[in-house]
Amino acid sequence: MQLKNVIESPCGLRFMLDRLDLQSGFARRWLLDSSMMTEASEIKASHDVLRRFIDFVNTVDRTHLTTLLFRLQGVKDIRTTIKNLRQVATLDDIELFEVKHLSILASEVTKLLCEHGMCDAVAIPDLSEVITILDPDGLKMASFYIYDSYCAELQDLRKRMRQQPEQQDELLVEAAEIEETVRRDLTRQLHSHVDNIENALVALATVDINLARARQVVDEGLCLPTISTDGTCRYCGMFHPQVKDALSRRSKEFQPVDIWYGLQPTLITGANMGGKTVVLKTLTLCQLLFQFGFGVPASAATIAIKDEVYFCIGDEQSIERGLSSFAAEMKNIDAVIKASRENRRILALIDEPARTTNPTEGTALVQALLKVLATKHMSLVMTTHYDIEPGSAHCLRVKGFDNGSMNYSLVEVAGGEVPHEALTIAESLGIDLEWLSLAREELTKSPNEKTQK
Amino acid sequence: MPRVPFINDILNYDSLSIVGLQKNTGKTECLKYVLERLPLEQRRVAVTSIGIDGETTDQVTRTQKPEIVLREGMYFGTSEAHYRQRRLVSELIDVSDETTSLGRVVTARALTQGKILLSGPSSSMGLRRWMRDMRRHDIDLVIIDGALSRLSLASPAVSQSMILATGAAYSINMTHLVQRTAFVVDLINLGVTSESNIALLNPLESGMWWIDTDGQLHEMEAVTSLSQQVEFQGMEHCSTLYVAGALVDSFLEKVRKNKQLRHVELVVRDFTKIFVSPQQFRLFEKMGGCIRVLQRSKLIAVTVNPTSPTGYMLDSAMLCDKISQAINLPVYDLLKDRVS
């Protein structure tokens, strides 16, 4: 699975990527094409690199960093040129310029990184031979043309052009033939460096991506998680950056949450507006960020690697597929159950399943879903308002209304008993009192009275 | 001694666009004149053109675009396709991310004199980005070969100064030609509003706004000046009325007919936002109305081509004279001036 396939996930991944300060369009494309990491060694290696960049960002002076970022802005996507070079198709002036430009950038970035002991953080191939081929006069300038010094005859023709401008057109035709020979020759010489050139392009994108990730870790207070070995995930001080950002715009603070879940189901209950959906969103976001090599929004975290992450948020109608919100939700959860029967590491985050149908059948569906998934070797975090029998599930409850304000922290509870705070919360929202007091009356009626109606 | 009118004036600015009121009004002739005479030892000069995107005549006009003769040392921005067809020796200094239908925009420096087809960035945003890049290469002066009747590219948001080319191709009726040219020149030369108004209005990208006599800013309800339901209620103390978008006839007429607004200063961003007929504009002026801009580009010169593409020829001296009288600026027939 590539990053570009999950970027629109409702967990808020796009927000994080939009805030990632990448310098070149190529780095962004390269990042979006990257695949989700599912091997511990892979993630560990990417963390090792990222950690070096975090140290670098924390210690380097501003001017040095600005210079480095400015250089990285110059990186262009020259994969078509590289492809032509691989096929030994004669490169034209623009393509030769691109190769030279990239090579000079690579050497400048290498130098800037080495000055801070970052030589080996990302392996950028040495392209000094390429530069020598394309800079025969040793001018060290990022410009290019078929230099006079490539061929004495060319030099002579150009001299005549300047002396006899009236003959320029004929002389240009003569020169064009020689220039083409030079290009063919240069292409042949460069061909043996094509792997290095390609690797340098990727390395520059990698530097760009890691610098951006590192600055995001520092600026947003993210952490690099520990890789869990027993399937248990733990988060301390977890927050959702987008929600946090929206709150801080209204001068409000986000209350970070501590949570853990393992390979048995986790059931979250709690009052409306208690942040249950935000918890699921954040868990999804953290899992994806972790497996795509980013820092995660928490003060500390231990995360287990998964092969697949399912986030079922429930209220997604699929108008194109002609499905109602209920049907779309059923299909999504069905996919989780099917996947759970295969031997893959799965994390499923399901927000209030079956909430759009009648409570009797809804409760039955949720109860059964819990039973089905409890037997599977997977992680499940599910929220619900229905009264269900938790079985072996690990139960959490949002603390809820506490001294007149909402306390979003999660507490461990023994059973899955659901809180009855909906009317109190509605009242605090200033909802019509006639409506709410009638609702209270309804609650006090015995079931018999209701059926008699 | 060769006459070199207005070349020195150009050197006071970091950008110049050359625009023609119509095809065949001598825009290319004017560009040629400027490029031949600029003192390259004093200034690093870069030249580009604005592409014409999204129009069906695109390829036709492009193929008809004449080649420009560059001097050694000049920088130029053109498309990849046209760079490959260059007839000079040049050194590439940049390949930008700006794309045109003829490939990316590349920038190079002429190492010999010679001919080049110019086709630069295809939008004013792209052009501004290219011009910003030129500053990195220590370019002192950027010259933009404007597209046909695309005055918006001469917007002061893009270039500091401009040259306007007009001529018989626009109209062979001399009176009409003089009037139309004078109208455009009047728009270009509209006065700049006060510093305090600029500070208040410059950040406003859309909508209609007014400033009361106490200097307080208010937003008008109607979304654009195109709206038929523009109401000027509660604006007794209005001193300045700002239209962030296009200024059109119907709106100008409403302002003119509203007694409350008789002495109000009407402000637009720059002259390229004005889409009113000369009749409405003159009526508005006659009634004491006043239009001001936030930004103005310096009109360096007006040039004329007295010959129409159909072969009809107006009297050059008389034409220059009449336009010059109407606009209070010298007017040049560059071909004639060179011959004489």
Side-chain angles (χ1 to χ4, degrees), chain A residues 23-26 28-29 70-71 73-78 80-81 91-102 104-105 134-135 137 139 141-148 150 154-155 157-176 178-180 182-183, chain B residues 32 35-36 40 44 46 67-100 102-117 119-120 125-126 129-130 132-139:
Chain A
Q23 304 307 305
S24 74
F26 174 68
R28 184 164 292 275
R29 251 165 276 148
F70 182 73
R71 291 283 176 279
Q73 281 171 18
V75 175
K76 303 274 159 78
D77 186 355
I78 67 160
T80 317
T81 302
L91 302 187
D92 67 14
D93 288 11
I94 296 171
E95 292 172 312
L96 290 167
F97 169 84
E98 288 178 326
V99 171
K100 182 175 177 182
H101 184 73
L102 175 80
I104 290 178
L105 269 183
L134 295 173
D135 185 18
D137 303 328
L139 300 171
M141 296 223 297
S143 57
F144 182 77
Y145 71 108
I146 303 297
Y147 293 95
D148 291 3
Y150 283 128
L154 194 60
Q155 187 173 13
L157 281 170
R158 286 176 179 163
K159 201 188 266 171
R160 279 166 57 200
M161 271 180 219
R162 290 191 182 93
Q163 286 160 351
Q164 303 152 304
E166 66 284 357
Q167 285 181 25
Q168 180 153 337
D169 281 353
E170 296 94 87
L171 293 169
L172 275 171
V173 174
E174 249 183 88
I178 300 172
E179 287 179 4
E180 195 56 19
V182 173
R183 283 187 203 106
Chain B
K32 223 159 135 186
L35 292 183
E36 275 170 17
L40 294 187
R44 266 194 187 202
E67 283 183 311
I68 303 290
V69 177
L70 296 182
R71 288 151 67 196
E72 187 179 337
M74 276 182 171
Y75 289 75
F76 60 96
T78 193
S79 63
E80 285 180 84
H82 284 162
Y83 187 74
R84 294 193 175 100
Q85 295 168 27
R86 69 194 180 281
R87 289 202 284 154
L88 45 69
V89 181
S90 59
E91 176 177 28
L92 267 167
I93 61 164
D94 190 38
V95 177
S96 78
D97 293 327
E98 304 297 335
T99 53
T100 71
L102 296 169
R104 291 167 296 177
V105 175
V106 302
T107 308
R109 186 167 68 101
L111 298 173
T112 65
Q113 62 96 41
K115 288 178 181 166
I116 182 83
L117 274 161
S119 50
M125 273 299 285
R129 276 193 294 267
W130 185 81
R132 199 187 51 214
D133 287 347
M134 284 307 96
R135 241 166 272 150
R136 284 189 196 169
H137 293 292
D138 297 323
I139 299 295

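Chain letters run A, B, ... following the sequence lines, proteins first and then strands; every chain starts at 1.
- The contact between A/Asp169 and chain B is made entirely by side chain atoms (from C-beta outward), counting heavy-atom distances below 4.5 Å.
- In this structure, chain A has a heavy atom under 4.5 Å from the backbone of B/Ser96, while its side chain stays farther away.
- Under the salt bridge (charged side-chain N to carboxylate O under 4.0 Å, His left out) criterion, B/Arg135 pairs with no residue, sequence neighbours left out.
- Looking only at distances, a side-chain donor or acceptor of A/Lys76 sits under 3.5 Å from a matching main-chain atom of B/Val95.
- Residues of residues 86-94 of chain B having a heavy atom under 4.5 Å from any heavy atom of chain A, listed by number: B/Arg86, B/Arg87, B/Leu88, B/Val89, B/Ser90, B/Glu91, B/Leu92, B/Ile93, B/Asp94.
- Shown here are the side chain to side chain contact (heavy atoms under 4.5 Å, CB included) partners of B/Gln113, two or more places apart in sequence or in another chain: A/Pro165, A/Gln168, B/Val69.
- Atom CG of A/Leu171 and atom OG1 of B/Thr112 lie 10.0 Å apart (nearest 0.5 Å).
- With A/Arg162 contributing its side chain and B/Leu111 its backbone, the two residues share a donor-acceptor pair below 3.5 Å.
- Residue contact with chain A, scored on non-hydrogen atoms closer than 4.5 Å, involves the side chain of B/Arg104 exclusively.
- Legend: residues meeting side chain to side chain contact (heavy atoms under 4.5 Å, CB included) with B/Arg84, ordered by chain and number and at least two apart, are A/Asp92, A/Ile94, B/Glu80.
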